[in-house]
Amino acid sequence: MPELPEVEVVRAGLERHVVGSTIASVEVLHPRPVRRDHRGSTGFVAALVGQRIVAVRRRGKYFWLALANGDALLGHLGMSGQMLLHEPGAADERHLRVRFTLRVPGPDSARPPATLEMRFVDQRMFGGLAVSEGGAELPTEIVHIARDPIDPEFDDEEFVRRARRRTSAVKRLLLDQGLISGVGNIYADEALWRAKLHGERPGDRLTGPVLRDLLGHVRAVMGEALAQGGTSFDALYVNVNGESGYFDRSLDAYGQEGRPCGRCGTPIRRVAFMNRSSYFCPSCQRPPRTASRRAGGR
DNA sequence: ACTTACACCTGCCAGC
DNA sequence: TGCTGGCAGGTGTAAG
(Lines give C-alpha, C1' and ligand atoms only; values in the text may rest on other atoms or scores of the structure.)
Protein backbone atom coordinates (compact mmCIF):
# COMPACT_ATOMS: atom_id res chain seq x y z
CA MET A 1 0.00 0.00 0.00
CA PRO A 2 2.68 2.48 0.62
CA GLU A 3 3.07 5.61 -1.40
CA LEU A 4 3.54 9.03 0.13
CA PRO A 5 0.03 9.52 1.60
CA GLU A 6 0.07 6.11 3.27
CA VAL A 7 3.55 6.61 4.69
CA GLU A 8 2.53 10.04 5.96
CA VAL A 9 -0.42 8.49 7.78
CA VAL A 10 2.00 6.06 9.43
CA ARG A 11 4.43 8.85 10.27
CA ALA A 12 1.73 10.97 11.88
CA GLY A 13 0.42 8.01 13.88
CA LEU A 14 3.86 7.10 15.16
CA GLU A 15 4.53 10.72 16.01
CA ARG A 16 1.41 10.86 18.13
CA HIS A 17 2.05 7.65 20.04
CA VAL A 18 5.78 6.98 20.35
CA VAL A 19 7.53 10.35 20.66
CA GLY A 20 8.89 10.65 24.18
CA SER A 21 9.04 6.92 24.76
CA THR A 22 12.18 4.84 25.27
CA ILE A 23 13.07 1.62 23.45
CA ALA A 24 13.25 -1.02 26.17
CA SER A 25 13.92 -4.04 23.97
CA VAL A 26 14.09 -5.13 20.33
CA GLU A 27 13.50 -8.57 18.91
CA VAL A 28 14.50 -9.33 15.31
CA LEU A 29 12.43 -12.31 14.18
CA HIS A 30 13.70 -12.37 10.58
CA PRO A 31 17.10 -11.10 9.42
CA ARG A 32 16.03 -9.85 6.01
CA PRO A 33 14.27 -6.64 7.05
CA VAL A 34 17.47 -5.42 8.75
CA ARG A 35 19.72 -6.38 5.82
CA ARG A 36 20.65 -2.74 5.14
CA ASP A 37 22.07 -2.36 8.63
CA HIS A 38 25.75 -3.18 8.44
CA ARG A 39 25.87 -4.03 12.14
CA GLY A 40 23.72 -7.08 11.57
CA SER A 41 20.76 -8.01 13.76
CA THR A 42 22.70 -7.98 17.02
CA GLY A 43 24.28 -4.60 16.36
CA PHE A 44 20.95 -3.21 15.22
CA VAL A 45 19.38 -4.17 18.53
CA ALA A 46 22.32 -2.89 20.57
CA ALA A 47 22.23 0.49 18.83
CA LEU A 48 18.56 0.98 19.73
CA VAL A 49 18.03 -0.36 23.24
CA GLY A 50 17.86 2.44 25.80
CA GLN A 51 17.35 5.18 23.20
CA ARG A 52 14.58 7.73 23.51
CA ILE A 53 12.48 8.68 20.47
CA VAL A 54 12.33 12.45 20.01
CA ALA A 55 10.65 12.92 16.60
CA VAL A 56 9.23 11.06 13.61
CA ARG A 57 10.14 12.39 10.17
CA ARG A 58 9.57 11.47 6.54
CA ARG A 59 10.92 12.09 3.07
CA GLY A 60 9.07 10.51 0.17
CA LYS A 61 8.32 6.93 1.17
CA TYR A 62 11.05 6.76 3.83
CA PHE A 63 10.33 7.55 7.47
CA TRP A 64 12.59 7.67 10.48
CA LEU A 65 12.39 7.88 14.24
CA ALA A 66 14.89 10.48 15.43
CA LEU A 67 16.67 9.35 18.59
CA ALA A 68 17.96 11.46 21.47
CA ASN A 69 21.60 10.51 20.70
CA GLY A 70 21.37 11.91 17.14
CA ASP A 71 20.95 8.54 15.42
CA ALA A 72 17.77 7.46 13.66
CA LEU A 73 15.77 4.32 13.10
CA LEU A 74 15.20 4.52 9.35
CA GLY A 75 12.36 2.59 7.75
CA HIS A 76 10.79 1.81 4.39
CA LEU A 77 7.59 -0.17 3.98
CA GLY A 78 8.44 -1.60 0.57
CA MET A 79 5.41 -3.24 -1.02
CA SER A 80 3.79 -4.81 2.01
CA GLY A 81 5.30 -3.34 5.17
CA GLN A 82 3.35 -2.07 8.18
CA MET A 83 4.28 -0.36 11.43
CA LEU A 84 1.71 -1.36 14.01
CA LEU A 85 1.19 -0.34 17.62
CA HIS A 86 -0.24 -2.82 20.09
CA GLU A 87 -0.81 -3.40 23.75
CA PRO A 88 1.80 -5.92 24.89
CA GLY A 89 0.70 -9.51 24.54
CA ALA A 90 -1.45 -9.11 21.44
CA ALA A 91 -1.21 -12.15 19.17
CA ASP A 92 1.73 -12.11 16.75
CA GLU A 93 0.95 -11.39 13.13
CA ARG A 94 1.93 -14.09 10.65
CA HIS A 95 4.55 -11.81 9.09
CA LEU A 96 5.83 -10.12 12.22
CA ARG A 97 9.52 -9.37 11.55
CA VAL A 98 10.71 -6.99 14.28
CA ARG A 99 9.19 -6.28 17.67
CA PHE A 100 10.03 -3.18 19.71
CA THR A 101 8.94 -2.83 23.31
CA LEU A 102 8.55 0.83 24.24
CA ARG A 103 8.37 2.41 27.68
CA VAL A 104 5.85 5.24 27.46
CA PRO A 105 6.05 7.86 30.22
CA GLY A 106 2.92 8.23 32.35
CA PRO A 107 0.64 11.23 31.85
CA ASP A 108 2.22 12.81 34.92
CA SER A 109 5.17 11.90 37.10
CA ALA A 110 2.87 10.39 39.75
CA ARG A 111 1.63 7.70 37.32
CA PRO A 112 3.78 4.72 36.31
CA PRO A 113 5.04 4.38 32.74
CA ALA A 114 3.09 2.15 30.36
CA THR A 115 4.41 -0.38 27.87
CA LEU A 116 3.62 -0.39 24.17
CA GLU A 117 4.66 -2.70 21.35
CA MET A 118 5.71 -1.27 18.01
CA ARG A 119 5.84 -3.96 15.33
CA PHE A 120 7.29 -4.10 11.85
CA VAL A 121 5.16 -6.53 9.87
CA ASP A 122 6.07 -7.27 6.24
CA GLN A 123 4.93 -10.17 4.12
CA ARG A 124 7.23 -9.75 1.10
CA MET A 125 10.13 -8.13 2.95
CA PHE A 126 10.98 -5.59 0.26
CA GLY A 127 10.84 -3.09 3.08
CA GLY A 128 13.31 -2.76 5.91
CA LEU A 129 14.71 -1.01 8.94
CA ALA A 130 18.21 0.23 9.75
CA VAL A 131 19.92 2.39 12.33
CA SER A 132 21.33 5.50 10.67
CA GLU A 133 24.28 6.95 12.56
CA GLY A 134 23.78 10.67 13.05
CA GLY A 135 20.68 10.47 10.90
CA ALA A 136 18.18 12.21 13.17
CA GLU A 137 17.79 15.24 10.87
CA LEU A 138 18.28 13.49 7.50
CA PRO A 139 19.83 10.02 7.23
CA THR A 140 22.83 9.92 4.88
CA GLU A 141 21.37 6.71 3.45
CA ILE A 142 18.62 8.74 1.76
CA VAL A 143 20.34 11.95 0.66
CA HIS A 144 19.81 10.80 -2.95
CA ILE A 145 16.04 10.88 -2.42
CA ALA A 146 14.52 14.11 -3.72
CA ARG A 147 12.14 16.20 -1.67
CA ASP A 148 8.52 15.19 -2.08
CA PRO A 149 5.79 17.42 -3.54
CA ILE A 150 4.20 17.95 -0.10
CA ASP A 151 7.49 19.32 1.25
CA PRO A 152 7.25 23.16 1.42
CA GLU A 153 10.84 23.32 0.15
CA PHE A 154 10.12 21.27 -2.97
CA ASP A 155 11.37 23.34 -5.91
CA ASP A 156 8.82 23.20 -8.74
CA GLU A 157 11.04 25.00 -11.23
CA GLU A 158 13.99 22.74 -10.57
CA PHE A 159 11.75 19.73 -11.15
CA VAL A 160 10.53 21.20 -14.44
CA ARG A 161 14.08 22.01 -15.58
CA ARG A 162 15.42 18.56 -14.77
CA ALA A 163 12.43 16.71 -16.24
CA ARG A 164 12.72 18.62 -19.51
CA ARG A 165 16.33 17.50 -19.88
CA ARG A 166 15.42 13.82 -19.62
CA THR A 167 14.60 11.56 -22.54
CA SER A 168 12.75 9.03 -20.38
CA ALA A 169 9.00 8.61 -20.41
CA VAL A 170 7.23 11.05 -18.11
CA LYS A 171 5.81 8.23 -16.01
CA ARG A 172 9.31 6.94 -15.42
CA LEU A 173 10.26 10.44 -14.29
CA LEU A 174 7.37 10.54 -11.81
CA LEU A 175 8.59 7.24 -10.39
CA ASP A 176 12.22 8.44 -10.19
CA GLN A 177 12.67 9.08 -6.46
CA GLY A 178 15.79 11.15 -7.18
CA LEU A 179 13.73 13.64 -9.16
CA ILE A 180 10.50 13.72 -7.13
CA SER A 181 9.87 11.36 -4.24
CA GLY A 182 6.76 9.74 -2.84
CA VAL A 183 5.03 8.99 -6.15
CA GLY A 184 4.38 5.32 -6.89
CA ASN A 185 2.53 3.41 -9.57
CA ILE A 186 -0.97 4.35 -8.40
CA TYR A 187 -0.52 8.09 -7.98
CA ALA A 188 1.57 8.31 -11.14
CA ASP A 189 -1.29 6.84 -13.17
CA GLU A 190 -3.89 8.95 -11.38
CA ALA A 191 -1.98 12.21 -11.88
CA LEU A 192 -1.31 11.43 -15.55
CA TRP A 193 -5.00 10.68 -16.10
CA ARG A 194 -6.00 13.97 -14.48
CA ALA A 195 -3.42 15.82 -16.58
CA LYS A 196 -4.66 14.01 -19.73
CA LEU A 197 -1.07 13.03 -20.38
CA HIS A 198 0.17 9.69 -21.70
CA GLY A 199 2.88 8.22 -19.46
CA GLU A 200 5.14 7.34 -22.39
CA ARG A 201 5.56 10.91 -23.54
CA PRO A 202 9.28 11.73 -23.22
CA GLY A 203 10.23 14.39 -20.66
CA ASP A 204 12.22 16.45 -23.15
CA ARG A 205 9.16 16.78 -25.39
CA LEU A 206 7.01 18.36 -22.68
CA THR A 207 6.59 22.08 -22.03
CA GLY A 208 6.99 23.86 -18.72
CA PRO A 209 3.25 24.58 -18.38
CA VAL A 210 2.38 20.93 -19.01
CA LEU A 211 4.81 19.76 -16.31
CA ARG A 212 3.59 22.39 -13.82
CA ASP A 213 0.04 21.27 -14.46
CA LEU A 214 1.06 17.64 -13.90
CA LEU A 215 2.73 18.60 -10.63
CA GLY A 216 -0.50 20.26 -9.53
CA HIS A 217 -2.39 17.04 -10.20
CA VAL A 218 0.17 14.99 -8.27
CA ARG A 219 -0.36 17.28 -5.27
CA ALA A 220 -4.14 17.23 -5.62
CA VAL A 221 -4.50 13.45 -5.79
CA MET A 222 -2.07 12.94 -2.92
CA GLY A 223 -3.85 15.56 -0.85
CA GLU A 224 -7.20 13.86 -1.38
CA ALA A 225 -5.75 10.47 -0.48
CA LEU A 226 -4.13 11.91 2.62
CA ALA A 227 -7.40 13.43 3.78
CA GLN A 228 -9.10 10.02 3.58
CA GLY A 229 -6.15 8.01 4.87
CA GLY A 230 -6.14 10.02 8.06
CA THR A 231 -9.31 8.31 9.21
CA SER A 232 -7.76 4.85 9.55
CA PHE A 233 -6.37 5.65 12.98
CA ASP A 234 -7.31 4.21 16.31
CA ALA A 235 -5.98 5.12 19.74
CA LEU A 236 -3.44 2.34 19.97
CA TYR A 237 -3.40 0.97 16.49
CA VAL A 238 -1.51 2.32 13.53
CA ASN A 239 -3.57 0.94 10.73
CA VAL A 240 -1.55 0.65 7.58
CA ASN A 241 -4.30 -1.17 5.81
CA GLY A 242 -4.12 -0.31 2.13
CA GLU A 243 -7.35 -2.04 1.12
CA SER A 244 -9.52 0.46 2.93
CA GLY A 245 -11.60 3.43 1.84
CA TYR A 246 -9.87 5.55 -0.69
CA PHE A 247 -8.83 3.04 -3.25
CA ASP A 248 -12.15 1.47 -3.93
CA ARG A 249 -13.97 4.73 -4.47
CA SER A 250 -11.68 7.38 -5.80
CA LEU A 251 -9.44 5.85 -8.45
CA ASP A 252 -10.04 7.06 -11.98
CA ALA A 253 -7.41 5.03 -13.81
CA TYR A 254 -5.36 2.66 -11.67
CA GLY A 255 -6.83 -0.84 -11.65
CA GLN A 256 -9.79 0.26 -13.77
CA GLU A 257 -9.05 -1.79 -16.91
CA GLY A 258 -12.16 -2.08 -19.09
CA ARG A 259 -14.21 0.36 -17.01
CA PRO A 260 -15.39 3.53 -18.73
CA CYS A 261 -13.23 6.61 -18.39
CA GLY A 262 -14.95 9.04 -16.01
CA ARG A 263 -14.49 11.86 -18.53
CA CYS A 264 -15.27 10.36 -21.92
CA GLY A 265 -16.52 6.80 -21.36
CA THR A 266 -13.77 5.11 -23.38
CA PRO A 267 -12.70 1.87 -21.66
CA ILE A 268 -9.54 2.28 -19.57
CA ARG A 269 -6.64 0.24 -20.92
CA ARG A 270 -3.85 -1.58 -19.18
CA VAL A 271 -0.40 -1.96 -20.72
CA ALA A 272 2.85 -3.41 -19.44
CA PHE A 273 5.36 -0.72 -18.54
CA MET A 274 8.61 -1.05 -16.60
CA ASN A 275 7.81 -4.60 -15.48
CA ARG A 276 4.49 -3.46 -14.03
CA SER A 277 1.16 -2.10 -15.25
CA SER A 278 0.04 1.27 -16.49
CA TYR A 279 -3.62 2.23 -16.71
CA PHE A 280 -4.81 5.08 -18.91
CA CYS A 281 -7.63 6.35 -21.09
CA PRO A 282 -6.60 5.79 -24.72
CA SER A 283 -8.79 8.67 -25.83
CA CYS A 284 -7.99 11.37 -23.24
CA GLN A 285 -4.32 10.42 -23.00
CA ARG A 286 -2.95 10.18 -26.52
CA PRO A 287 0.25 8.19 -26.85
CA PRO A 288 3.26 9.79 -28.52
CA ARG A 289 3.79 8.67 -32.10
CA THR A 290 6.96 6.67 -31.44
CA ALA A 291 5.39 4.82 -28.52
CA SER A 292 2.31 3.84 -30.52
CA ARG A 293 4.43 2.68 -33.44
CA ARG A 294 6.56 0.54 -31.14
CA ALA A 295 3.46 -0.88 -29.46
CA GLY A 296 1.92 -1.60 -32.84
CA GLY A 297 -1.12 0.57 -32.10
CA ARG A 298 -2.67 3.04 -34.55
C1' DA B 1 25.36 11.48 -15.58
C1' DC B 2 21.59 9.02 -17.59
C1' DT B 3 19.03 4.82 -18.94
C1' DT B 4 17.34 0.30 -18.54
C1' DA B 5 16.82 -4.56 -16.97
C1' DC B 6 16.75 -7.32 -13.24
C1' DA B 7 17.00 -9.26 -8.60
C1' DC B 8 15.02 -9.41 -4.25
C1' DC B 9 10.48 -11.98 -1.51
C1' DT B 10 5.72 -14.12 -0.45
C1' DG B 11 0.98 -14.95 -1.43
C1' DC B 12 -3.16 -14.99 -4.11
C1' DC B 13 -5.91 -15.92 -8.04
C1' DA B 14 -7.34 -17.76 -12.55
C1' DG B 15 -6.96 -21.44 -15.57
C1' DC B 16 -5.96 -26.02 -16.57
C1' DT C 1 -7.16 -31.10 -5.44
C1' DG C 2 -2.91 -29.46 -7.12
C1' DC C 3 -0.01 -27.41 -10.36
C1' DT C 4 1.50 -23.30 -13.18
C1' DG C 5 1.96 -18.72 -14.55
C1' DG C 6 0.87 -14.04 -13.86
C1' DC C 7 0.35 -10.38 -10.89
C1' DA C 8 0.99 -7.16 -6.69
C1' DG C 9 1.10 0.15 -4.16
C1' DG C 10 9.25 -0.56 -4.44
C1' DT C 11 14.13 0.15 -4.71
C1' DG C 12 19.16 -0.95 -5.09
C1' DT C 13 22.45 -2.49 -8.22
C1' DA C 14 24.92 -3.31 -12.34
C1' DA C 15 25.65 -2.94 -16.87
C1' DG C 16 25.16 -0.43 -21.24
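No experiment lies behind these values; they were computed from the predicted model shown. In what follows, chains carry the letters A, B, and so on, assigned in the order in which the sequence lines appear, proteins first and then strands, with residues in each chain numbered from 1.
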- Note on the structure: Nucleotide by nucleotide, nucleotides 6-11 of chain B touches protein heavy atoms under 4.0 Å in the pattern (B base, S sugar-phosphate only, - none) B-BBBS
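- Put simply, CE on A:M274 is 10 Å from P on C:dT11, counting in whole angstrom units.
- Under the 4.5 Å side-chain heavy-atom criterion for ILVMFWY residues, a single connected hydrophobic cluster contains both A:I180 and A:V210.
- Rounded to the nearest Å, the gap between the P atom of C:dG6 and that of B:dC6 is 15 Å.
- Using a 4.0 Å cut-off between charged nitrogen and carboxylate oxygen, A:R172 and A:E200 do not count as a salt-bridge pair.
- The shortest distance between the side-chain N/O atoms of A:H144 and the OP1/OP2 oxygens of C:dG12 is below 4.0 Å.
- Taking the six-membered ring where tryptophan is involved, the planes of A:F154 and A:F159 are tilted, since the angle between them lies from 30° to 60°.
- Counting non-hydrogen atoms under 4.0 angstrom, A:R166 reaches the backbone sugars and phosphates but no base.
- Neither side chain, A:H76 nor A:E141, offers a donor N or O lying under 3.5 Å from an acceptor on the other.
- Distance noted for atom C1' between C:dT11 and B:dC12: 23 Å (whole Å).
- Note: CD1 (A:I142) to P (C:dG10) measures 17 Å, nearest angstrom.
- Between the CE atom of A:M79 and the P atom of C:dT11 there is a distance of 10 Å, rounded to whole Å.
- Between the side chain of A:Q51 and the backbone N or O of A:L48 there is no donor-acceptor pair closer than 3.5 Å.
- Taking atom CD of A:E257 as the reference point, atom P of C:dA8 lies 10 Å away to the nearest angstrom.
- Rounded to whole angstrom, the span from the CZ atom of A:R165 across to the C1' atom of B:dC2 amounts to 12 Å.
- Looking at heavy-atom distances under 4.0 Å, A:R270 makes contact with sugar-phosphate atoms alone, never a base.
- A distance-only check finds no donor-acceptor pair linking the side chain of A:R259 to the backbone of A:I268 [under 3.5 Å].
- In this model, the phosphate group of B:dC2 is not approached by any side-chain N or O of A:T167 to a distance below 4.0 Å at OP1 or OP2.
- For A:Y187 and C:dG10, the shortest distance from a side-chain N or O to OP1 or OP2 is not below 4.0 Å.
- Look at A:E190 and A:R194 and you find no salt bridge, because none of the NZ, NE, NH1 or NH2 atoms lies under 4.0 Å from a carboxylate O.
- A salt bridge does not link A:R147 with A:D155: none of the charged nitrogens is closer than 4.0 Å to a carboxylate oxygen.
- Looking only at distances, no side-chain donor or acceptor of A:R111 sits under 3.5 Å from a matching main-chain atom of A:P105.
- Pairing analysis of DNA chain C (Watson-Crick: purine N1 to pyrimidine N3 plus N6-O4 or O6-N4; G-U wobble: N1-O2 and O6-N3; both under 3.5 Å) yields stems of 3 or more pairs at B:2-8 with C:10-16, B:10-16 with C:2-8.
- Rounded to whole Å, the distance from CD1 on A:I186 to P on C:dC7 is 17 Å.
- In this model, a donor atom of one side chain and an acceptor atom of the other lie less than 3.5 Å apart for A:R103 and A:T115.
- The interatomic distance linking A:R276 (CZ) with C:dC7 (P) rounds to 13 Å, in whole Å.
- Here A:R11 pairs with A:E8 in a salt bridge; the nearest charged N to carboxylate O distance falls below 4.0 Å.
- Phosphate contact (OP1/OP2 of C:dG10, side-chain N/O of A:H76, threshold under 4.0 Å): absent.
- At a non-hydrogen distance threshold of 4.0 Å, A:Q177, A:G184, A:N185 from residues 171-185 of chain A come into contact with DNA chain C.
- Ion pairing between A:D92 and A:R99 holds under the 4.0 Å rule for side-chain N and carboxylate O.
- You'll find a donor-acceptor pair under 3.5 Å spanning the side chain of A:E6 and the base of C:dG9, going by distance alone.
- A:S277 has a side-chain polar atom (N or O) that falls below the 4.0 Å cut-off from OP1 or OP2 of C:dA8.
- Of the residues A:K61, A:R219, A:R58, the one that meets the salt bridge (Lys or Arg N to Asp or Glu O under 4.0 Å) test with A:D148 is A:R58.
- As rounded to the nearest Å, C:dG12 and B:dG11 have P atoms that lie 24 Å from one another.
- Rounded to whole Å, the distance from CG on A:D122 to P on C:dG9 is 15 Å.
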